[in-house]
2 protein chains.
Amino acid sequence: MLSQPPATLSTRDKILHTALLLFARDGYFSTSIQDIRRGSGLSIGSIYHHFAGKEAIADALYQQLINSLSLDLEQASAKVTSYPERYKAIIGSLFQRCESQPEAMRFILHARHQEFLPGEAPICSARPFEFMKKLVDEGIACGDIRPMNAMVAAAALFGGPIRLMHLYLDQVLEVSLMELLDESWSCAWNAVKA
Amino acid sequence: MLSQPPATLSTRDKILHTALLLFARDGYFSTSIQDIRRGSGLSIGSIYHHFAGKEAIADALYQQLINSLSLDLEQASAKVTSYPERYKAIIGSLFQRCESQPEAMRFILHARHQEFLPGEAPICSARPFEFMKKLVDEGIACGDIRPMNAMVAAAALFGGPIRLMHLYLDQVLEVSLMELLDESWSCAWNAVKA
DNA sequence: GTCTATATTCGGATAGAC
DNA sequence: GTCTATCCGAATATAGAC
């Protein structure tokens with residue numbers, strides 16, 4: 001069962017809202033348009049009026065969520081000045097978003113978008129991850145991160161926190177992510193600091 | 001297109017072999033029994049004689065691959081005595097397997113098995129990952145790893161290398177994983193060492 | 001813009017000959 | 001054990017009224 005979307009939303013947003021919940025919970029392939037119809041309280045005709053099909057819904061959702069995450073990370077990182085502070089701000093934003101919007105993060109993180117969005121680049125090439133990678137490159141260049149392969153550094157710095165997010169989203173972690181932020185950050189920074 | 005499975009394999013193994021290639025390349029849901037039939041050069045009837053259905057094929061494959069990976073990691077870790085050596089041996093085995101059996105690792109690492117194998121625990125609760133987690137617990141207990149939340153430590157130690165494996169399997173890394181082993185290990189160990 | 005009813009395709013699965 | 005032919009349900013998508 002699924003709670004109806006807020007009545008204040010536009011039809012289009014009701015569709016996206018319901019689709020996100022179902023995609024995150026059951027997966028893209030295990031969710032039918034019928035399921036979205038039921039969950040949203042709309043009709044098939046209305047759904048097809050707003051979107052070309054199921055794939056178009058997933059695509060719109062993906063673009064919207066990636067975009068919002070991107071802005072969020074860029075803003076969080078702009079609030080502080082040193083590279084270590086930026087890295088920690090990014091990890092903090094990611095953790096927070098996992099707690100406040102678990103469905104969105106589940107959809108972004110665990111979905112294999114290439115399986116149902118042909119032509120989409122792998123998630124690691126999406127804007128938020130490119131942004132994180134760029135900051136790592138700069139951290140190496142300015143000497144805050146010790147000299148090493150940039151991919152290794154990016155993986156080492158963000159891999160631990162991202163793994164923790166996966167565990168949280170898979171409900172394996174029983175505590176809140178935010179409680180683990182300082183400890184996870186300290187590990188991450190020890191991994192790469194100069 | 002897909003090369004036929006080696007003629008030396010049993011019918012059952014031909015099916016598993018072909019299914020793995022297709023599941024890893026196109027995903028479980030985008031692979032039909034027809035595809036497996038074509039790829040294996042067998043007939044539908046023969047496939048259904050050996051397996052109850054598509055899900056049963058995926059299940060057999062999953063159990064087999066998890067089991068083989070598990071044994072591999074346990075053996076690699078038994079060859080050395082100190083905890084740091086064990087951690088590095090595990091990461092080395094994982095990297096090697098990514099290079100020698102990319103399809104198997106793709107199937108294990110990025111498939112969302114819960115989406116098509118109902119009742120299956122999340123991948124992080126599977127035996128190889130439980131084993132890694134147990135070794136981390138012991139490392140903390142004996143003081144090789146500094147005192148901290150064990151989940152954070154496990155994520156910090158293996159998260160970076162696993163992230164690198166994902167990048168490799170997504171073809172984002174153009175170099176060989178083994179070349180990056182020492183550097184990735186050194187980051188991982190710095191993250192958690194006492 | 002929203003709805004119902006319906007067409008069409010596809011894929012998993014079965015029956016039964018050899 | 002392997003094969004071909006076929007069935008059946010499900011899900012996407014369309015047509016067309018309101």
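Quick note on labels: first sequence line is chain A, next is B, and so on, each numbered from 1. As the structure is a computational prediction, the values presented were derived from the model and not from experiment. Below, all heavy atoms of this structure are taken into account, side chains as well, without hydrogens, waters or symmetry copies.
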### Task
Locate the shortest heavy-atom distance separating Glu130(A) from Cys124(A); write the atom from each residue and the value.
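Smallest interatomic distance, heavy atoms only, reads OE2-O, 3.8 Å.
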### Task
Examine the side chains of Arg12(B) and Ser46(B) and answer whether a donor and an acceptor come within less than 3.5 Å of each other.
no
What is the distance, to the nearest angstrom, from the [atom1] atom on [X] to the [atom2] atom on [N]?
X        : N      : atom1 : atom2 : result
Ile47(A) : dT2(C) : CD1   : C1'   : 11 Å
Arg37(A) : dT2(C) : CZ    : P     : 15 Å
Phe51(B) : dT2(D) : CZ    : P     : 12 Å

### Query
Can you tell which of Ile91(A), Asp144(A), Leu135(A), Leu73(A) makes a side-chain contact (heavy atoms from CB on, under 4.5 Å) with Arg86(A)?
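Result: among Ile91(A), Asp144(A), Leu135(A), Leu73(A), Leu135(A) is the only option passing the side-chain contact (heavy atoms from CB on, under 4.5 Å) with Arg86(A).
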### Message
Just N and O in the side chain of Thr11(A): are any of them under 4.0 Å from OP1 or OP2 of dG1(C)?
### Response
no
### His49(B) vs dT2(D): side-chain N/O to OP1/OP2 distance below 4.0 Å
no
### Message
For nucleotides 4-18 of chain D, give me one character per nucleotide, 5' to 3': B if any protein heavy atom sits under 4.0 Å from the base, S if the only such contacts are to the sugar-phosphate, - if neither.
### Response
B------SBBB----
### Query
Side chain of Glu99(B), backbone of Leu177(B): donor and acceptor closer than 3.5 Å?
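Present.
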### Message
Students often mix this up, so state it plainly: with edges at 30° and 60°, are the rings of Phe23(B) and Phe107(B) parallel, tilted or perpendicular?
### Response
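Phe23(B) vs Phe107(B) ring planes: parallel.
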#### Entry: Side-chain heavy-atom pair Asp59(B), Phe51(B) within 4.5 angstrom cut-off
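Sidechains of Phe51(B) and Asp59(B): no contact.
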